[in-house]
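I have placed the structure first, in the form of structure tokens, so that the comments after it can refer back to it.
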There are 2 protein chains.
Amino acid sequence: MEQTLTISIQDYLKNIYELTENGESASTNALASKLNVKPASVTGMMQKLASAKPALVEYQKHQGVTLTDDGKKAALEVIRHHRLLEAWLVQTLGYSWDEVHAEAEKLEHVISEDFERRIAAAMGHPLRDPHGELIPTADLQMPLDDSTPLSSLRASQSGIIQYVKTADSELLKHFETLGLIPEAELEVTGYSPFDHNLTIKIGRKSIVLGLNITSKIYVKES
Amino acid sequence: MEQTLTISIQDYLKNIYELTENGESASTNALASKLNVKPASVTGMMQKLASAKPALVEYQKHQGVTLTDDGKKAALEVIRHHRLLEAWLVQTLGYSWDEVHAEAEKLEHVISEDFERRIAAAMGHPLRDPHGELIPTADLQMPLDDSTPLSSLRASQSGIIQYVKTADSELLKHFETLGLIPEAELEVTGYSPFDHNLTIKIGRKSIVLGLNITSKIYVKES
DNA sequence: AAATAAATTTAGTCAAGACTAAATTTAAAG
DNA sequence: CTTTAAATTTAGTCTTGACTAAATTTATTT
């Protein structure tokens with residue numbers, strides 16, 4: 001018999017947030033499989049969260065759930081913790097991108113607001129975590145994302161690299177040798193509609209990049 | 001009605017460890033008041049821990065508890081986490097001695113062995129935490145304490161300050177201005193049996209210290 | 001529109017770990 | 001050696017958050 005470990009309310013809220021970022025409501029089933037819990041358990045928890053003193057979710061039978069403002073605040077708080085922790089573990093303890101997630105997952109629930117402030121300040125209040133995800137602000141707003149995949153740019157458009165989204169460290173190293181790192185400025189000089197290849201000029205080099213690369217590099221148009 | 005928050009097994013073990021450091025067994029009542037739990041709850045938990053697959057405590061009705069070797073290992077693991085965390089929070093995030101305890105208390109239960117190794121290495125494997133408490137070794141042994149209160153030295157004996165044990169930051173500042181800081185070397189030049197005052201020579205200065213001070217400064221005889 | 005499939009909820013069970021009140025054991029005092 | 005007090009344990013209750021199985025609702029097909 002599998003030991004059934006208990007899921008925190010914070011985890012419920014965080015996962016509802018993620019499932020509802022697209023504007024839709026989260027289904028009982030989706031939440032259940034995301035949290036490795038049976039659907040019936042989710043129903044029970046949703047009923048509880050919906051009737052909490054300040055309600056944390058909006059819940060109607062068979063209609064899925066969304067977060068209330070209070071629920072969203074709580075979710076963003078955990079997400080802020082998580083992403084600040086990831087950034088900080090990478091910066092100060094040399095964690096790699098793949099190792100850092102599990103550790104942050106555990107720490108995010110227990111750190112104090114004071115701890116949060118200290119690491120945020122120590123890093124100069126970063127905007128993104130090491131995976132490139134936006135970090136909710138101290139007043140619990142999710143910042144607007146002003147970046148777009150490089151693959152969406154066309155000839156004559158230029159941009160500044162914001163972050164690189166990949167879990168493949170080999171690929172990451174390749175990006176670095178090409179100069180494709182945050183802050184770098186580039187200009188698109190050509191576009192091939194057939195295979196979606198882009199020709200870009202970065203520094204004094206001109207290179208051709210496939211969609212497998214340009215879809216992982218996020219830029220801010222300039 | 002007070003919300004009754006649950007105490008982790010690790011906390012039970014850690015507190016049993018502390019209560020049994022003197023060699024005696026821990027009483028149900030002592031544990032209960034230390035953990036802010038009712039005695040009956042402690043009895044129940046002790047019965048559980050005693051009959052766990054590898055037993056964690058030695059427990060006989062009405063006789064108090066002690067830790068088994070497995071239990072002691074688990075306790076030292078948490079204590080190591082706690083003390084490494086305190087040292088690390090102070091060193092890297094500027095926590096003060098009084099702020100650091102509560103934060104470490106929460107983190108100690110969730111950090112990975114990997115995290116433990118990383119911070120230990122980052123600090124050069126410290127022997128003591130910021131309060132001067134010994135940090136259990138990586139293989140879960142409590143190091144021998146080779147330090148003694150300065151108040152136990154007598155004329156012509158000399159020593160090196162190991163740590164200062166006080167929660168009073170004013171007093172701590174006073175110590176610092178006197179040069180009474182870790183690593184400092186001193187020699188006892190006089191002793192007054194009536195009031196237990198010591199005259200010591202530190203650097204080129206000679207000063208007289210009362211028991212309120214000499215009992216808080218721990219030295220290694222040299 | 002009826003039938004079937006899929007998703008969700010209800011109802012009731014279980015384990016953990018706290019609690020209270022009552023019973024029991026040990027310790028202390030006369 | 002009794003008696004009383006203090007400490008501890010037993011017994012049974014409560015809450016939480018999982019689970020399963022059955023019932024119900026919604027969605028899809030023919």
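Lettering of chains follows the sequences in order, A, B, ..., and the numbering in each one begins at 1. Values below: every heavy atom of this structure, side chains too, minus hydrogens, waters and symmetry copies.
Contact annotation: A:Tyr59 does not reach the phosphate of C:dT8 (side-chain N/O to OP1 or OP2, under 4.0 Å). Between A:Thr28 and C:dT9 there is a side-chain N or O to OP1 or OP2 distance below 4.0 Å. For the OP1/OP2 pair of C:dC19 and a distance below 4.0 Å, the side-chain nitrogens and oxygens of B:Ser41 include at least one atom meeting the criterion.
Residue A:Val37 is classed as a sugar-phosphate contact, given heavy-atom separations below 4.0 Å to backbone atoms only. Within 4.0 Å (heavy atoms only), A:Thr6 reaches sugar-phosphate atoms of the nucleic acid but no base atom.
One interatomic measurement links the two molecules: NE2 of B:His62 to P of C:dA23, which rounds to 15 Å at whole-angstrom precision. Taking atom CG of residue A:Leu5 and atom P of nucleotide C:dC14, one finds them 21 Å apart after rounding to whole Å. Whole-Å rounding puts the B:Asn29 CG to D:dA7 C1' distance at 6 Å. Between A:Lys61 atom NZ and D:dA27 atom P there is a gap of 15 Å when expressed in whole angstrom units. Note: CD (A:Gln47) to P (C:dT9) measures 7 Å, nearest angstrom. One atom, CD of B:Gln63, and another, C1' of C:dT26, lie 10 Å apart when rounded to the nearest Å. Nucleotide D:dA22 holds its C1' atom 17 Å from the NZ atom of A:Lys38, rounded to whole Å. Between the CG atom of A:Leu35 and the P atom of D:dG17 there is a distance of 14 Å, rounded to whole Å.
In the displayed structure, B:Lys73 atom NZ is contacted under 6.0 Å by at most 12 heavy atoms of other residues, nucleotides or ligands.
The pair A:Lys14-A:Glu105 counts as a salt bridge, with a side-chain nitrogen and a carboxylate oxygen less than 4.0 angstrom apart. Using a 4.0 Å cut-off between a side-chain N of Lys or Arg and a carboxylate O of Asp or Glu, A:Arg128 and A:Asp145 qualify as a salt bridge. Ion pairing between a basic and an acidic side chain is recognised when a charged N comes within 4.0 Å of a carboxylate O; B:Lys165 and B:Glu133 show such pairing.
Closest to the A:Lys48 side chain, of the nucleotides C:dA18, D:dG17, C:dT10, is D:dG17.
Comparing A:Pro39 and B:Gly64 by the nucleotide of DNA chain D whose heavy atom lies nearest to each, the residue mapping closer to the 5' end is B:Gly64.
One finds the OH atom of A:Tyr95 at 5.0 Å from the CZ atom of B:Arg118 (value rounded to the nearest 0.5 Å).
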